[in-house]
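Fair warning: this is a prediction, and the values are worked out from it, not measured in the lab.
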Amino acid sequence: MLGLPLLAVVLSLLPHTGRAKTVHGSFDSALAWHSRGQHIFTFLFHGEQAVLRVRISNVAAAVGKDAALYLYQDEEWLKMHGNMEEYSCPERLSLAQISIPLNQTEYNYTLPQILSPVAWYAIYVDRYTCLMSYEDPRTDEITFQVTLLNPDAAGNPFDHFGADESGLHEFFFLLVLVYFVAACIYIQALWQTIKKGGPMHTVLKVLSNALLLQVVSALANYLHFSWYAKDGKGAPFIGSVAELCDIASEVQMLYLLLSLCMGWTLSRMKKSQGRPLQWDSTPTSTGIAVVAVIAQVILLVWEQFEDTNHHSYHAHESLAGILLIAMKICLAVSLAFGLYQIITVERSTMKRKFYITFAKGCFLWFLCHPCFVAISYLFKDYQREKVSIFLSHTCCLWLSIKSGEYLDLNTR
């Protein structure tokens with residue numbers, strides 16, 4: 001589909017450390033001075049016995065620079081960054097709830113009991129961070145590994161998932177299981193329908209491809225989170241494949257629905273009433289669909305560059321995400337107008353019933369994400385993206401299966 005190779009390159013080049021809860025890297029005094037603290041991680045701890053484990057490679061250099069990690073809770077972090085000019089560097093450091101001196105090779109810190117999930121931010125600072133002008137310490141590099149652990153169901157600190165990600169592993173396992181059961185039920189009938197051809201043969205093939213991409217996305221997400229549960233890093237490339245398949249499926253459905261609806265609208269006066277229901281694609285309808293697909297791909301690429309922390313196009317918190325929502329609402333309204341014109345002049349009861357069912361599917365497809373994003377705002381900040389993912393994948397599964405059933409009934 002148009003633009004997908006470009007999107008694949010973008011997803012592979014963007015960093016994925018925001019999703020890893022075992023963080024590797026090196027402490028940079030110059031970056032810490034320039035930013036008044038080198039950001040190391042953001043993580044949502046919860047419950048009792050949450051643990052922060054730090055390992056460093058060069059203790060002597062860290063001690064010589066008075067290296068330390070400073071941890072801030074969400075409220076203090078936002079307060080500090082919302083009024084950067086009002087606080088001097090020492091004052092910003094004094095707002096930290098916890099400071100951990102890096103004076104040993106390995107350090108395990110158990111956080112105080114956290115009654116409700118809260119985001120913690122960690123920055124690296126040393127004796128050069130608050131100087132008026134930077135002085136190059138000329139010391140050996142200090143590499144680190146930070147492991148972030150929440151308590152599991154038994155209360156032991158073995159869970160790599162933050163509060164914003166808990167439950168995703170189990171959800172994608174159930175989703176893959178449902179897809180497998182659905183495949184066992186529908187695959188034979190769908191294959192026979194595709195083999196015998198018919199006026200909606202191409203539509204069934206595109207729907208099948210879109211559903212297959214959804215299955216691959218769910219399976220890749222499950223594999224990624226399975227590895228993530230073991231090491232806190234997962235498989236970022238497989239995560240990118242999952243997201244690419246998810247986006248490709250949505251782009252295919254967008255092209256299909258627009259091309260179908262616009263084709264029927266533009267050609268309804270030229271076709272005889274007795275002509276079988278089919279994909280009446282015209283150059284104009286194809287052009288409209290292609291323009292909409294290109295616009296969506298551009299917004300998706302833009303959204304990835306604006307929000308490199310979670311790489312989830314379900315978040316819709318950036319300007320590009322808001323424009324995507326607005327685009328879907330506008331498309332739903334335009335399709336409603338076009339399908340209403342078709343339904344009012346259609347004489348065939350069977351076709352009219354199909355158009356009405358098709359219209360309902362279109363509205364659900366285009367409006368489900370905007371509605372789910374709106375619903376997610378009823379939940380706490382850390383739950384919003386997770387709720388949106390749950391609802392969106394469930395709705396896509398239901399719509400894909402129901403669309404196949406409707407088209408199968410109308411091609412017999």
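Atom CD of Glu243 sits about 8.5 Å away from atom CG of Asn221, to the nearest 0.5 Å. Distance CG/Leu52 to CD1/Ile100: 4.5 Å, rounded to 0.5 Å. Distance OG/Ser26 to CD1/Ile142: 9.5 Å, rounded to 0.5 Å. Between the NE2 atom in His160 and the NZ atom in Lys230 there is a gap of 11.0 Å [rounded to 0.5 Å].
Checking side-chain atoms of Ser249 against main-chain N and O of Cys245 turns up no donor-acceptor pair under 3.5 Å. A donor-acceptor contact shorter than 3.5 Å links the side chain of Thr22 to the backbone of Asp231.
Inspection of the Glu250 and Gln296 side chains reveals an N or O donor paired with an N or O acceptor under 3.5 Å. Side chains of Asn58 and Glu141: no donor on one and acceptor on the other come within 3.5 Å.
When all heavy atoms are compared, the tightest approach of Asn150 to Ala50 is OD1-CB, 3.9 Å. Heavy atoms only, all atoms of each residue included: Phe45 and Val51 are closest at CE2-O, 3.8 Å. Heavy-atom minimum distance, Tyr124 versus Ala32: O-CB, 3.6 Å.
You'll find the ring centres of Tyr72 and Tyr70 outside the 6.0 Å limit. For Trp77 and Tyr121, the gap between ring centers is short of 6.0 Å.
Residues Arg92 and Glu76 are not paired through a salt bridge, judged by the lack of any N-O separation under 4.0 Å between the basic side chain and the carboxylate.
Within a 6.0 Å radius of NE2 in His39, more than 12 heavy atoms belonging to other residues, nucleotides or ligands are found.
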* To do: Test Phe173 against Tyr222 for ring pair (Phe, Tyr, Trp, His ring centres under 6.0 Å), laying out the working first.
  => CA-CA 6 Å; Phe173 170 75; Tyr222 171 68; 5.7 Å; yes

* Apply ring pair (Phe, Tyr, Trp, His ring centres under 6.0 Å) to the pair Tyr377 and Phe379, showing each step before the final yes or no. => CA-CA 5 Å; Tyr377 277 89; Phe379 297 83; over 10 Å; no

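In this pair, Tyr228 and Phe225 present their aromatic rings perpendicular. The plane angle is above 60°, beyond the 30 to 60° band.
For Ser88, the side chain to side chain contact (heavy atoms under 4.5 Å, CB included) partners are Pro90, Glu91, not counting sequence neighbours. Shown here are the side chain to side chain contact (heavy atoms under 4.5 Å, CB included) partners of Phe158, two or more places apart in sequence or in another chain: Asp152, Asn156. Here Ser226 pairs with His169 under the side-chain hydrogen bond (donor to acceptor under 3.5 Å, both in side chains) rule; sequence neighbours left out.
Side-chain contact check for Leu244 versus Asp246: every heavy-atom pair is 4.5 Å or farther apart.
With Lys386 as the fixed residue, the side chain to side chain contact (heavy atoms under 4.5 Å, CB included) test singles out one of Leu168, Leu391, Asp164: Leu168. Each of Leu111, Asp74, Leu148, Thr42 was compared with Trp120 under the side chain to side chain contact (heavy atoms under 4.5 Å, CB included) criterion, and only Leu111 meets it.
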